[in-house]
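Right, one structure below, let's go through it.
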Amino acid sequence: MSSYLCVELMGFSEFFELDRVAVDAALDKFLPAAGTLPVSIHEAMRYSVFAGGKRLRPALCLEAARLFADPPVAAMAAACAIEFIHTYSLIHDDLPALDNDDLRRGKPTCHKQFGEANAILAGDGLLTLAFETLAQAPIEASRCVRLISEVSRAAGTVRGMVGGQVADLEAEKTRADLATLEYIHQSKTAALIRAACVAGAICGGAADADVERLRNFGENIGWAFQVVDDILDVEESSAALGKTAGKDQAQQKATYPALLGLTQSREVASELAAKAISELEPFGARGRNLRELAEFLVERRS
Ligand code: FPP
Ligand code: MG
């Protein structure tokens with residue numbers, strides 16, 4: 001029996017760890033082997049995928065699926081595809097033309113390790129691999145098309161991750177208002193986290209009304225996640241975060257702490273998490289893992 005089947009009697013950290021181990025094994029399987037030609041790009045892709053991410057999006061995807069199908073094996077391809085997209089976004093975000101950072105997940109960023117051209121191409125490779133991986137989801141064809149559509153929209157330019165990144169860059173040094181900030185956070189970060197939850201529900205075979213509940217859950221928790229990310233950038237050290245702390249202020253980014261201060265930003269994050277958790281009520285005890293994940297996302301220190 002697979003190690004991630006028996007979650008009912010486990011505490012949060014145990015199921016989170018089991019999901020992480022299962023996800024790492026699946027990521028390894030979906031990635032081209034290390035020696036595959038051209039070796040340089042596969043080395044760079046693998047370096048960033050296995051640099052020590054928390055695997056939050058895959059965990060959300062698997063736990064969303066687990067509400068409807070336990071074990072959530074059908075969701076593993078989607079969980080990995082979303083982690084590939086997330087990793088590509090970090091590689092590109094760190095490039096000199098964007099946030100220009102030397103440190104990520106406590107290690108040199110991809111372009112510092114492999115050069116800028118290889119980092120651009122490793123990001124491109126991961127984004128492309130994500131869609132090849134999604135197409136392998138072992139679900140009915142019509143659900144697979146829906147899955148691909150949800151994930152591609154979330155990663156794209158219209159209220160998706162790329163659009164949010166553009167708005168984030170354009171908002172630097174402008175003292176953006178709350179509406180602009182909400183747009184940036186919902187697009188840049190919440191869209192992919194929401195897609196992880198929706199993807200899990202689709203792969204688990206959820207009815208449409210339940211897919212929408214998971215969409216609302218993911219939207220709110222994803223938004224809270226970026227508010228917390230902004231707070232940690234102010235409160236924590238580079239060593240704790242594994243990336244350069246204090247950069248938002250240095251780059252005059254549009255953030256919640258800059259606009260509302262730390263106390264009010266914490267309140268916003270807690271309210272969003274509570275709103276997310278309320279979407280899980282109809283699932284009763286089955287929603288426990290997702291509820292605990294939501295609590296972890298706002299309480300995390302890195
Ligand atoms: C940290 O996630 C990541 C974010 C808070 C999202 C920020 C958004 C971007 C970098 C979008 C960039 C978009 C483009 C197109 C370049 P995490 O704490 O889960 O990271 P981990 O996987 O290292 O744990
Ligand atoms: Mg950025």
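Numbering of ligands and ligand atoms starts at 1, following listing order. No experiment lies behind these values; they were computed from the predicted model shown.
- Distance alone, capped at 3.5 Å, is enough to place a donor-acceptor pair between the Arg105 side chain and the Ser48 backbone.
- Atom 23 (O) of ligand 1 has as its closest protein heavy atom Arg105 NE, 2.7 Å.
- Residue-to-ligand polar distances keep Glu83 apart from ligand 1: every N/O pair is separated by 3.5 Å or more.
- Interface atoms of ligand 1 facing Leu56, defined by a heavy-atom separation under 4.0 Å, are 19 (O).
- By the criterion of a heavy-atom distance under 4.0 Å, the side chain of Asp229, and not its backbone, is placed next to ligand 1.
- Looking at Arg104 against ligand 1, nothing comes within 4.0 Å, counting heavy atoms.
- Interatomic distance, CD of Glu63 versus CZ of Phe217, reported as 10.0 Å (0.5 Å rounding).
- Under the 4.0 Å criterion applied to side-chain N and carboxylate O atoms, Arg194 and Glu219 are assigned as salt-bridge partners.
- Remark: Gln136 CD is packed, more than 12 non-hydrogen atoms of other residues, nucleotides or ligands lying under 6.0 Å away.
- Here the protein contributes Asp93 OD1, Asp99 OD2 as N, O or S atoms under 2.8 Å from the Mg ion (ligand 2).
- For atom 12 (C) of ligand 1, the nearest protein heavy atom (residue, atom name, distance) is Gln165 OE1, 3.2 Å.
- A donor-acceptor pair under 3.5 Å links the side-chain atoms of Arg300 to the main chain of Leu297, judged by distance alone.
- Side-chain atoms of Asn216 and Glu212 form no donor-acceptor pair, as typed in the model, at a separation below 3.5 Å.
- For atom 2 (O) of ligand 1, the nearest protein heavy atom (residue, atom name, distance) is Arg57 NH2, 3.1 Å.
- Closest to atom 5 (C) of ligand 1 among all protein heavy atoms lies Gln226 OE1, 3.3 Å.
- Here the heavy atom of the protein found nearest to atom 16 (C) of ligand 1 is Ser89 O, 3.4 Å.
- Considering backbone and side-chain N/O atoms, Lys243 never comes within less than 3.5 Å of an N/O atom of ligand 1.
- Not one N or O of Thr189 is nearer than 3.5 Å to an N or O of ligand 1, by distance alone.
- Within the listing of ligand 1, atoms 21 (P), 22 (O), 23 (O), 24 (O) sit less than 4.0 angstrom from a heavy atom of Gly53.
- Looking at Asp93 next to ligand 1, no N or O pair under 3.5 Å apart turns up.
- Applying the ring-ring contact (aromatic ring centres under 6.0 Å, His included) test to residues at least two apart or on different chains, the pairs with a partner in residues 53-100 are Phe68-Phe283, Tyr88-His92.
- Heavy-atom distances between His86 and ligand 1 reach below 4.0 Å in at least one pair.
- Interface of Tyr88 with ligand 1, defined as ligand atoms under 4.0 Å from a residue heavy atom, comprises 15 (C).
- A side chain to side chain donor-acceptor pair (under 3.5 Å) with Gln165 is found for one member of Asp93, Asp99, Thr189 and no other, namely Asp93.
- Residue Ile221 is not grouped with residue Ile184 when hydrophobic side chains (ILVMFWY) are merged at heavy-atom distances under 4.5 angstrom, including chains of intermediate members.
- Scanning both residues, Ala245 and Glu236, for their nearest heavy atoms gives CB-O, 3.2 Å.
- The heavy-atom pair separating His42 from Leu37 by the smallest distance is CE1-O, 3.3 Å.
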* salt bridge (Lys or Arg N to Asp or Glu O under 4.0 Å) between Asp208 and Arg215, intermediate numbers included -> CA-CA 10 Å; Asp208 288 352; Arg215 186 187 305 283; over 6 Å; no

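- The protein non-hydrogen atom at the shortest distance from atom 17 (P) of ligand 1 is Lys54 NZ, 3.5 Å.
- Distance alone, capped at 3.5 Å, is enough to place a donor-acceptor pair between the Arg46 side chain and the Pro32 backbone.
- With respect to Asp101 and Lys247, a salt bridge is recorded, a charged nitrogen being found less than 4.0 Å from a carboxylate O.
- Among protein heavy atoms, atom 9 (C) of ligand 1 sits closest to Lys188 CG, 4.0 Å.
- The pair Arg55-Asp24 meets the salt-bridge criterion, with a side-chain N (NZ, NE, NH1 or NH2) lying under 4.0 Å from an Asp/Glu carboxylate O.
- Under a 4.0 Å criterion applied to the non-hydrogen atoms of Phe225, ligand 1 contributes the atoms 2 (O), 5 (C), 17 (P), 18 (O), 19 (O).
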